[in-house]
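All chains are named by letter (A, B, ...) in the order of the sequence lines, taking the proteins before the strands, and each is independently numbered beginning at 1.
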Amino acid sequence: MRFTHALIPTLKEAPQDATSASHALLLRGGYIRRLGAGIYDFLPLGLRVLRKVERIVRAEMDRAGALEILMPVLLPGEYYKETGRWDLYGDVLFRLKDRKGGDYNLAPTHEEIVTDIARREIKSWRDMPKNLYQIQTKFRDEPRPRAGLLRCREFLMKDAYSFDTSEEKALASYEKMRVAYNNIFTRMGLKYRMVAADSGAMGGNTSAEFQVLVDSGEDAIVACDKCDYAANVEVAEVKVVDPGRRAMATTIRMMKVHTPGQKTIEEVSTFLNVKPSDTFKSLLYVGEGSKEVVMALMRGDHALNEVKLARVLGVSSVHLASEADVKAATGAELGFAGPIGFKGKIYIDRAAALVRNGVSGANETDYHLANVNHGRDFDAEVVDVRQAQDGDLCPRCEGGRLHAYKGIEAGHIFVLGTHYSAKMGATFLDEQQQQKPVVMGCYGIGVSRLVATAIEQHHDDNGIAWPMRVAPYHVHICTLANDGAVVEAAQKLVDGLEAEGVEVLWDDRDERPGVKFKDADLLGVPLRVTIGAKGLAQGAVELKPRTEKDPKKAELVPLDVAAKTIADRVKSALG
RNA sequence: CGGGGCGUAGCGCAGUCUGGUAGCGCACUCGGUUCGGGACCGAGGAGUCGGAGGUUCAAAUCCUCUCGCCCCGACCA
């Protein structure tokens, strides 16, 4: 493709509202344009990348035995009403009416629709296992679309659904998808971890997320450096470590200390010259739908995991008590809450329960208590509500340590069980002629999100650096002059490469070299070939991988073998 | 939904406080000189100042309403 025939509107400056790297580079490189909040046009280059991601996903799904279908985006409202998600989904669901006033919604996901297919077409145990998938647009009226393609209101997703006769068989289908997903992320050239995840509102039990590791990621995950344990911090297990101070005398008298204005753990521990791990952090929480303020006591240097606390309380979610509630519950300003004298229910984290002679708030403004001991000075229910953090011992192996990573969720696989099939009457007859609900699994990959994710992981100050398999073109040729020899050499190389199946972008614009190099770096095609008088004088073209930072490090490739050499380089990168 | 910010040419911005007939850089068009990491000179084209209403002799600027967008939080199969 000649640059002058293409539509690649690059920008020197990123639009001001693009804050993430992928968003800014996709806009600057002329890959996408914004049409509205969370709604984007894919320009030719962007579509090429999207199609490449799709191709990889499709190939692995097909290889895993899944069958591609296409379900509509415009859905009669009855299906979501049938499972209750018409209401459950709330404002995230795009709803509309047809001319007769009938309810419709745009598909945010397709469990209902695929389950409808199953209940009509899958009748016998002989019909399973089956796995149906599609690559289709999804619509979600997100509370807050952001970061370009990372969180859109309209986006492209691959969603697959497995149907089995039993929980065990469903696990086998799930396992197949796990393998396929690993293949997909590996083929895309991404660094990722499969992590244990919260199943959330999907229902079901077994689930794992595929997190692409990038510093700008929104999800916090921990992974062991020794074994394969990895989890979203929302669900990460923690190992209780006995600080070895249990034997320490607990006979030291508790005493009140004046700590004017010292509110945070850091301030208090510095002020009293004690380690944060020898203090208690008293957090006041309110469960969803409750008015009761409860106290969660953490070791000073530990963080609380709200998902775990919600589970302990048996509620869907928890939130920190308001400042007014804290004052009412403790009779003190924020920062001086403590277990002693607290009227409400107290939960203490397992690690905090081991603290000896610790410091806690006194429930009195400007005062703390020293030499506080659980069991001696106050009672509390011992629970696990701690959030895993970097450096923790691995809960699964001996000696491994957890490291914290930031990730972007690019895929999620679930065993759904019979949640939808039971509700919608998707049943089959088993060998004993028993009518049973099919056991389902669902497996999603954010295809358009993956485009952005790949950039988040593969870019530098100058632009994108695509992995070969998802790059819009394999080779970017920059001709530095419009004279006969250069153009002739370029045309020959383009022909030679294309004959080998290599995708070539030829910057034939009448621009200065600097402009072409800057744009080449911005677009991020993996291999750049420079053809100019300098190289041609030596009978060669210059080859430079996008990832090579030093502009002088180009490799001279003799003209007569250039097509073959470069094509081989591309093929080896494509595997 | 709570908090903050922004809407002026395709992009980045100034002008708004203190009302006086819209400007800069890049991009674009034409002419010329250049040509190995975002060249230079000259001449141009391009704007309902987000929208509606109001105040005023006069509104990008002041007032009211409204729409949109971004960020933080809440939320996120």
Hey, does A:Ala147 reach any base, or is it just sugar-phosphate, or nothing, if we go heavy atoms under 4.0 Å?
sugar-phosphate

Which residues share a salt bridge (Lys or Arg N to Asp or Glu O under 4.0 Å) with A:Arg569, sequence neighbours left out:
A:Glu555

Quick one: label A:Glu409 by what it contacts on the DNA or RNA (base, sugar-phosphate, nothing), any heavy atom closer than 4.0 Å.
nothing

Can you tell me if A:Lys516 touches the phosphate of B:G36, counting only side-chain N or O atoms and a distance under 4.0 Å to OP1 or OP2?
no

Residue pairs meeting ring-ring contact (aromatic ring centres under 6.0 Å, His included), one or both in residues 518-557 of chain A, sequence neighbours left out, come to none

Pairing check on B:A59: which nucleotide meets the Watson-Crick or G-U wobble criteria with it, both distances under 3.5 Å?
none

Atom pair distance, as rounded to whole Å: NE2 in A:His476 and C1' in B:G37
13 Å

If the condition is salt bridge (Lys or Arg N to Asp or Glu O under 4.0 Å), which residues does A:Glu548 pass it with, not counting sequence neighbours?
none

For the pair made of NZ in A:Lys138 and C1' in B:C76, what is the distance, rounded to whole Å?
16 Å

Please name all residues satisfying side-chain contact (heavy atoms from CB on, under 4.5 Å) with A:Thr547, sequence neighbours left out, ordered by chain then number.
A:Ala465, A:Pro545

What distance, rounded to whole Å, do you find between the two P atoms, one in B:U66 and one in B:U48?
25 Å

Looking at residues 453-463 of chain A, who's got a heavy atom less than 4.0 Å off RNA chain B?
none

Partner lookup for B:A46, please. Criteria are Watson-Crick or G-U wobble with both distances under 3.5 angstrom; report none if nothing qualifies.
none

Using the test salt bridge (Lys or Arg N to Asp or Glu O under 4.0 Å), find all partners of A:Glu306 that sit at least two apart in sequence or belong to another chain.
none

Could you list the donor-acceptor pairs under 3.5 angstrom formed by side chains in residues 70-81 of chain A, with sequence neighbours left out?
{"residue": "A:Tyr80", "atom": "OH", "partner": "A:Thr109", "partner atom": "O", "Å": "2.7"}
{"residue": "A:Lys81", "atom": "NZ", "partner": "A:Asp103", "partner atom": "OD2", "Å": "2.7"}

Name all residues meeting the salt bridge (Lys or Arg N to Asp or Glu O under 4.0 Å) criterion together with A:Arg509; count only those two or more places apart in sequence or in a different chain, and write none if there are none.
A:Asp507, A:Asp519

Using a cut-off of 4.0 Å on non-hydrogen atoms, how would the nucleic acid contact of A:Arg34 be classed: base, sugar-phosphate, or nothing?
sugar-phosphate

Every protein N/O within reach of nucleotides 28-35 of chain B N/O, cut-off under 3.5 Å:
{"residue": "B:U34", "atom": "O2", "partner": "A:Arg512", "partner atom": "NH1", "Å": "2.8"}

Counting distance only, does the side-chain N/O of A:Lys158 pair as donor-acceptor with the main-chain N or O of A:Tyr443 below 3.5 Å?
yes

Between B:C11 atom P and A:Leu43 atom CG, what is the distance in whole Å?
13 Å

Any base atoms under 4.0 Å from A:Gly535, or only sugar-phosphate, or nothing? Heavy atoms, all strands.
base

